[in-house]
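Quick notes on the structure that follows.
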Amino acid sequence: MNCATFSKYSLLDLAFTVIGVSTFLFDVGSDLWVAKELYTHGEFMWFGVLLGFMLMSSVVIQLFSWFWLKYDRELKDFESQASARNVVLFSGAKRVKLLLVVHVFQLGFFIRHISAIWQGFRVWWREGCGSEYAIYLTHDLSMLRLIETFCESAPQLTLMMYIMLSQRAHANVNVGASTTSIAWMVVDYHRSLRSFLPDKDNQGWLSSVVYFFWNLFLIGPRVAAVALFASVLHCYIAAHFLSLWPVFVTWAWMQNTNFMDSPAGEWLYRATVGLIWYFSWFNVAEGHTRGRSLIYHTFLIIDTSILLATWWLYRDAEMTQLYAFILIISIPLFYVLGLLIKVLYYCCFHPKLWRPTDFGKPPVDIQADNASVQTINKRMGRHAANFYTTNTLSAIKRNACEATNSSVL
């Protein structure tokens with residue numbers, strides 16, 4: 001089979017997967033600790049809100065994981081991929097029934113981490129054998145982590161900032177570290193997508209740092225503005241979200257998204273995109289994104305300005321006199337700075353500018369275990385095709401099509 005070469009699974013990839021499951025467990029533990037603190041101090045409403053965020057995020061992630069499991073099993077030769085060559089925890093009829101129970105009990109995401117770690121260990125032990133399937137698993141995990149970030153971490157950070165602004169001393173949370181974690185997860189997801197580029201112009205460290213600061217300075221001010229609005233009109237924050245979310249979902253529908261393989265799954269994806277867009281830009285459709293990005297950022301600037309103006313009018317002038325003027329000036333400036341860094345990234349630090357591409361090169365023939373097999377995560381390949389444009393888009397689509405024709409996982 002002719003297709004482009006994809007990166008091999010390395011020991012560094014295994015280390016990042018182990019770190020991923022460790023941070024997942026730490027995140028769950030820290031969330032439960034914060035929930036316990038809120039309950040202990042009698043903040044029963046915010047205790048319930050925090051548990052609601054955790055439950056909503058977990059259910060959404062389990063749904064995505066289960067949909068993808070169903071899609072994979074419908075692929076031809078799925079069971080053959082579950083041979084000794086790969087560690088496929090999601091194979092066999094009885095095991096699938098067990099995994100349905102696992103997902104119902106909200107453990108599917110954790111099992112996917114374990115599967116990726118075990119497969120990665122086997123790849124390392126056997127010096128590269130089964131590398132494609134290990135990469136396949138890590139691509140799914142990167143997307144699930146991104147979904148978790150905006151379904152749970154971003155709303156929770158907003159809640160914690162609101163509690164701090166309300167001067168509840170027991171809300172001991174490192175806002176800077178949480179915001180940094182969210183921005184870094186976006187970078188990790190973006191680096192995962194770039195592995196689908198057939199010319200292999202992967203994102204370097206300098207490019208990643210610039211990309212990280214761009215997202216940090218755009219996401220941080222947005223979360224801060226929402227938290228400030230909630231601190232003065234907390235009864236209206238839900239109405240604000242519910243007024244924007246249907247608009248975002250409709251916009252995603254109008255862009256004819258095609259990430260999932262079923263109508264129900266696609267509407268779940270669009271609903272999740274609507275939530276992500278409440279905090280950050282996320283490209284979901286083919287073609288040049290400059291126009292859509294401009295529309296989105298213009299809308300978000302207007303909305304964020306309204307949130308900040310509302311907070312300024314309704315704030316307690318005496319209680320906020322130490323930081324009110326600083327926030328009303330710094331939040332818009334940081335957002336503008338984020339936009340400028342985004343422009344700088346595309347002008348000076350985009351990987352294309354550092355590695356010349358040659359889409360005229362003939363594709364490379366790949367042989368895996370003496371069989372014409374290339375394991376490619378088609379849904380993430382489609383998503384990468386939507387994120388990137390022009391020749392890159394065509395090349396990725398061609399590879400996904402070839403993978404489909406070869407009928408492999």
Side-chain angles (χ1 to χ4, degrees), residues 53 55-68 71 109 139-158 182-183 185-194 196 211 214-215 218-219 222-223 226 238 240-304 342 377-389 393 396:
F53 286 153
L55 181 60
M56 178 195 70
S57 172
S58 182
V59 169
V60 169
I61 292 172
Q62 305 306 318
L63 285 173
F64 272 105
S65 178
W66 180 251
F67 273 120
W68 294 349
Y71 301 156
F109 189 32
H139 286 152
D140 277 348
L141 284 175
S142 70
M143 186 65 177
L144 289 174
R145 290 188 191 117
L146 183 77
I147 293 171
E148 181 197 30
T149 294
F150 286 101
C151 286
E152 180 180 353
S153 300
Q156 283 186 6
L157 176 60
T158 305
I182 293 173
M185 191 57 63
V186 176
V187 176
D188 178 70
Y189 156 80
H190 180 69
R191 288 177 60 85
S192 176
L193 274 192
R194 292 203 69 84
F196 284 94
Y211 196 92
W214 147 24
N215 283 279
L218 291 184
I219 296 174
R222 174 61 178 178
V223 172
V226 173
H240 177 261
F241 170 76
L242 292 176
S243 66
L244 296 187
W245 179 68
V247 176
F248 290 145
V249 174
T250 303
W251 195 29
W253 167 70
M254 292 174 62
Q255 294 182 46
N256 297 315
T257 59
N258 63 342
F259 180 65
M260 307 290 276
D261 292 340
S262 68
E266 195 61 40
W267 277 109
L268 172 66
Y269 172 67
R270 291 165 181 167
T272 305
V273 168
L275 176 57
I276 294 174
W277 277 343
Y278 187 74
F279 294 102
S280 177
W281 169 243
F282 183 75
N283 192 43
V284 297
E286 296 179 8
H288 297 283
T289 63
R290 186 177 303 170
R292 289 192 296 268
S293 179
L294 181 61
I295 293 173
Y296 173 81
H297 286 298
T298 301
F299 177 83
L300 217 65
I301 287 173
I302 295 173
D303 182 68
T304 301
K342 181 175 182 178
N377 192 322
K378 293 188 297 178
R379 56 181 159 265
M380 291 300 290
R382 286 199 305 268
H383 194 60
N386 289 337
F387 192 89
Y388 301 106
T389 60
L393 183 149
I396 295 172

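Other residues, nucleotides and ligands contribute more than 12 heavy atoms inside 6.0 Å of the CH2 atom of W66. Atom CH2 of W245 is surrounded by 12 or fewer heavy atoms from other residues, nucleotides or ligands within 6.0 Å.
Looking at residues two or more places apart in sequence or on another chain, you find a side chain to side chain contact (heavy atoms under 4.5 Å, CB included) between S58 and Q62, Q106. With sequence neighbours left out, the side-chain hydrogen bond (donor to acceptor under 3.5 Å, both in side chains) criterion links T272 to no other residue. When the side-chain hydrogen bond (donor to acceptor under 3.5 Å, both in side chains) test is applied to Q156, the partners found at least two apart in sequence or on another chain are E152.
Of all the heavy atoms in P155 and F279, the pair that sits closest is N-CZ, 4.1 Å. When all heavy atoms are compared, the tightest approach of M56 to C151 is CE-O, 3.0 Å. When all heavy atoms of L242 and P246 are compared, the pair lying nearest together is O-CD, 2.8 Å.
The main-chain N or O of I61 is never found under 3.5 Å from a side-chain atom of S65 such that the two would form a donor-acceptor pair. Listed for the S243 side chain is a donor-acceptor partner under 3.5 Å among the backbone atoms of H240. Looking only at distances, no side-chain donor or acceptor of S57 sits under 3.5 Å from a matching main-chain atom of F53. Of the possible polar contacts, none joining the E148 side chain to the S153 backbone as a donor-acceptor pair under 3.5 Å is found. With hydrogens and angles disregarded, a donor-acceptor distance shorter than 3.5 Å links the side chain of T158 to the backbone of A154. Using a distance-only test at 3.5 Å, with no hydrogens or angles considered, a donor-acceptor pair links the side chain of S142 to the main chain of H139.
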Start with the C-alpha distance between V249 and V273, add both sets of side-chain angles, then the distance that settles side-chain contact (heavy atoms from CB on, under 4.5 Å), and finish with yes or no. CA-CA 7 Å; V249 174; V273 168; over 6 Å; no
Show your working on side-chain contact (heavy atoms from CB on, under 4.5 Å) between Y269 and F64 and close with a plain yes or no. CA-CA 8 Å; Y269 172 67; F64 272 105; 4.2 Å; yes
Evaluate the ring-ring contact (aromatic ring centres under 6.0 Å, His included) criterion for residues Y189 and F150: first the C-alpha distance (whole Å), next the side-chain angles of each, then the deciding distance (0.1 Å), finally the verdict. CA-CA 12 Å; Y189 156 80; F150 286 101; 9.3 Å; no
Between D261 and W68, does a side-chain contact (heavy atoms from CB on, under 4.5 Å) hold up when you go through it step by step? CA-CA 9 Å; D261 292 340; W68 294 349; over 6 Å; no
Should L218 and H297 be marked as a side-chain contact (heavy atoms from CB on, under 4.5 Å) after you check the CA-CA gap, both sets of side-chain angles, and the distance that decides it? CA-CA 10 Å; L218 291 184; H297 286 298; 3.8 Å; yes
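Y278 carries R222 over the face of its six-membered ring, with the cationic atom under 6.0 Å from the centre and within 45° of the normal.
Once rounded to the nearest 0.5 Å, the distance linking CZ of R270 with CE of M254 reads 12.0 Å. Between the CZ atom of R145 and the CZ atom of F109 there is a distance of 6.0 Å, given to the nearest 0.5 Å. Atom CG of L146 is separated from atom CE of M185 by 8.0 Å, given to the nearest 0.5 angstrom. Here OG1 of T149 is found 10.5 Å from CG of L144. Values are rounded to the nearest 0.5 Å.
Relative ring orientation between Y211 and H190 is described as parallel, the plane-to-plane angle staying below 30° on a 0-90° scale split at 30° and 60°. Classified by interplanar angle (parallel below 30°, tilted 30° to 60°, perpendicular above 60°), the ring pair Y296/W281 is tilted.
Looking only at side-chain heavy atoms (C-beta outward), V186 and I219 come within less than 4.5 Å of each other. Using a 4.5 Å heavy-atom cutoff, the side chains of W277 and L300 are not in contact. Between F299 and F248 there is a side-chain heavy-atom pair separated by less than 4.5 Å.
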